[in-house]
Amino acid sequence: MVEDVMSEHVLVCNIKDYAGKSVLIKGWVHNQRSSGKISFIQVRDGSGYIQAVANRGDLKEECWNTINEITRESSIMIEGSVSEHPKKKGVFELQVSDVMIIAKSEPFPIEKKEHGPDFLLQNRHLWLRSKKQWAIQRIRNTIICATYDFFMGENFIKVDTPIITASSCEGTTTLFELEYFDLGKAYLSQSGQLYLEALISAHGKVFDFGPVFRAEKSKTRKHLVEFWMMDAEMAFYEHEDNIAIQERLVCSIIRQVLKINQKELEILGRDISKLDSISPPFERITHSEAVKILQKKGSGITEDVDLGANDESLLADVFKGPLFIERWPAKIKAFYMKRCPDDYNYVKASDLMAPEGFGELIGGSQREDDYDLLLSRMKEENMPIDDFQWYLDTRRYGSVPHSGFGYGLERLVTWITGIEHIRETIPFPRMLYRFYP
RNA sequence: UCCCCUGUAGCUCAGCUGGUAGAGCGGGUGGCUGUUAACCACUAGGUCGGCAGUUCGAGUCUGUCCGGGGGAGCCA
């Protein structure tokens, strides 16, 4: 039996190093095809997929009988020698010498064909095992690691901001509310940005990466109720520095994914040329230029109005690569953004629009570093000043010019993987009408 | 919150102008030596989302409730 054999347990991703040798694979049965005398078992071990080939003539009868008991998604151990696929160069498979079923699977709900979204989401915990979902999570992981690597290389430190907060940092969006002992209402964070602004005075350049929550009743392919956001904040960075570092980060992430996840991108059928062609500098237009372009294209957008979903796709027709939209009307942007010195009606903010009409990827701005201007903006917005004394302190004790930006991880994953809906980018999506499983 | 679509076997769906249900996949059984959602044969499996109404008769028409999807707005 398999457990008596001394073959080394190896991961499928390393299989090519074992050509000609006998190895042990532990994993799950992805699919099986068999005839009377030969059986092909596709096995998944988490690190990759491999096909095991069992010839009846080469095996003990007991082992052949075991193979015929296998069901999809059963957990198994297979011992066999690694050989190249007779028809596919560079693809390795396993010539089975022994098989042991660890646990036989009941008929697996997710079948080898298309399913509807309701069924798949209801079975999300099982759906995650499928090839496409596997590829998406691998790419998500690369994006996370690439982000950490990038910031470490730029002398940032990673800090953690609170998830439970006393009040909103942007006020405009709806927050999840909870009772906080005897202190009254608390809220789930929708961004760690304000806390990062306090931390730059200790560390210069910082970023956070954590879950944020929006209690908006959004019901689109671009929204989740719970998602992972990266915020970066940099002391002594002005608007232009802010733009430049965003370009470097995006390109660095893309390069890593292209390097590490070729197999995954292929599984997803992603057009790699669309990613490969991305390089700095990105194109840049002001909000009012965008408005003019959009009006010519038939959009009903006007000055001092944010872009609608249709506007985003119209712009993607004109600009093929990532696009920065700068110099936003102050009245439609957050209170903490720094005014343009030549016209106080505009702020030094930028939104980075993803190519292919996917929409906003990154939002960033230079921050207002003047105490009085910041305070007056907060009063205009009717913010509870007492709750934000700590934030105002950042401008009282050695304020510096600074900038920051943030991306929504799942949006980045959606764009890079080229998938249709954001819900597939997070293992267990929380949506308006669904939080199971 | 608003607009549109949808709910039939475990899953994906078909079911024309109303006459008490079908296919493919999956399951089971048998066959097949290189398969790629393998294939072939046989087989089991359904209070047609709930309730009410029209009708001799409703999966099919009407109302209502519930579930789901897509989009808008809001935003990342």
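Because only heavy atoms are used, hydrogens play no part in the values below, and waters and symmetry mates are left out as well, while side chains stay in. Sequence lines set the chain letters: A, B, ... in the order given, protein chains first and strands last, and positions in each chain run from 1.
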Looking across every strand, which nucleic acid part, if any, lies under 4.0 Å from [X] by heavy atom: base, sugar-phosphate, or nothing?
X: A/Q95; result: base
X: A/L121; result: sugar-phosphate
X: A/Y433; result: sugar-phosphate
X: A/E410; result: nothing
X: A/Q122; result: nothing
X: A/L409; result: nothing

Centre-to-centre under 6.0 Å for A/Y148 and A/F207, is that the case here? yes
Aromatic rings [X] and [Y]: how do their planes relate, parallel, tilted or perpendicular, breaks at 30° and 60°?
X: A/W328; Y: A/H287; result: tilted
X: A/H125; Y: A/Y436; result: perpendicular
X: A/F388; Y: A/Y391; result: perpendicular

Would you please say whether a donor-acceptor pair under 3.5 Å links the side chains of [X] and [Y]?
X: A/E233; Y: A/Q193; answer: no
X: A/S288; Y: A/Y346; answer: no
X: A/E197; Y: A/Y336; answer: no
X: A/E266; Y: A/Q262; answer: no
X: A/S81; Y: A/Q95; answer: no

Euclidean distance, atom [atom1] of residue [X] to atom [atom2] of [N] [Å, nearest integer]:
X: A/Y407; N: B/C75; atom1: OH; atom2: C1'; result: 18 Å
X: A/F40; N: B/U36; atom1: CZ; atom2: P; result: 9 Å
X: A/I143; N: B/A76; atom1: CD1; atom2: P; result: 19 Å
X: A/I362; N: B/A76; atom1: CD1; atom2: C1'; result: 10 Å
X: A/K217; N: B/A72; atom1: NZ; atom2: C1'; result: 16 Å
X: A/D351; N: B/C74; atom1: CG; atom2: P; result: 13 Å
X: A/I110; N: B/G27; atom1: CD1; atom2: C1'; result: 16 Å
X: A/E424; N: B/G69; atom1: CD; atom2: C1'; result: 14 Å

Under a 3.5 Å limit for both distances, which nucleotide forms a Watson-Crick or G-U wobble pair with [N], could you say?
N: B/A72; answer: B/U1
N: B/A41; answer: B/U29
N: B/U36; answer: none
N: B/G7; answer: B/C66
N: B/U20; answer: none

Euclidean distance for [atom1], [N] against [M] (whole angstrom):
N: B/G45; M: B/G50; atom1: C1'; value: 23 Å
N: B/A23; M: B/G67; atom1: P; value: 33 Å
N: B/U47; M: B/G10; atom1: P; value: 8 Å
N: B/C13; M: B/G28; atom1: P; value: 24 Å
N: B/C25; M: B/U36; atom1: P; value: 14 Å
N: B/C48; M: B/A21; atom1: P; value: 11 Å
N: B/C32; M: B/G24; atom1: P; value: 23 Å
N: B/G53; M: B/U60; atom1: C1'; value: 15 Å

One pair to check against salt bridge (charged side-chain N to carboxylate O under 4.0 Å, His left out): A/E283 and A/K320. What are the steps and the verdict? CA-CA 9 Å; A/E283 292 188 89; A/K320 295 302 173 199; over 6 Å; no
Considering only heavy side-chain atoms of A/P117, the closest of B/C74, B/A38, B/G69 is B/G69
Taking the side chain of A/A309 as heavy atoms from C-beta outward, which of B/A76, B/A72, B/U35 is closest to it? B/A72
Closer than 4.0 angstrom, basic N to acidic O: yes or no for A/K348 and A/E240? no
At less than 3.5 Å, do the side-chain atoms of A/S218 and the base atoms of B/C74 form a donor-acceptor pair? yes
Does A/K219 contact B/G70 through a side-chain donor or acceptor facing the base, at a distance under 3.5 Å? yes
Upstream residue (5' side of RNA chain B) when A/M229 and A/H421 are each assigned their closest nucleotide: A/H421
Expected rows: protein N/O vs nucleotides 8-11 of chain B N/O, under 3.5 Å:
residue, atom, partner, partner atom, Å
B/G10, N2, A/E111, OE1, 2.9
B/G10, N2, A/E111, OE2, 2.4
B/G10, N3, A/E111, OE2, 3.4
B/C11, O2', A/H115, ND1, 2.5
B/C11, O2, A/K113, NZ, 2.3

Might you list the N or O atoms of the protein lying below 3.5 Å from N or O atoms in nucleotides 31-33 of chain B, with each pair's distance?
residue, atom, partner, partner atom, Å
B/C32, N3, A/S34, O, 3.4

Side chain to side chain donor-acceptor pair (under 3.5 Å) partners for A/H223, two or more places apart: A/T220
With a 4.0 Å limit, can you tell me whether A/H30 has a side-chain N or O closer than that to the phosphate oxygens OP1/OP2 of B/U36? no
Within the pair A/R434 and B/G69, is there a side-chain N or O less than 4.0 Å away from OP1 or OP2? yes
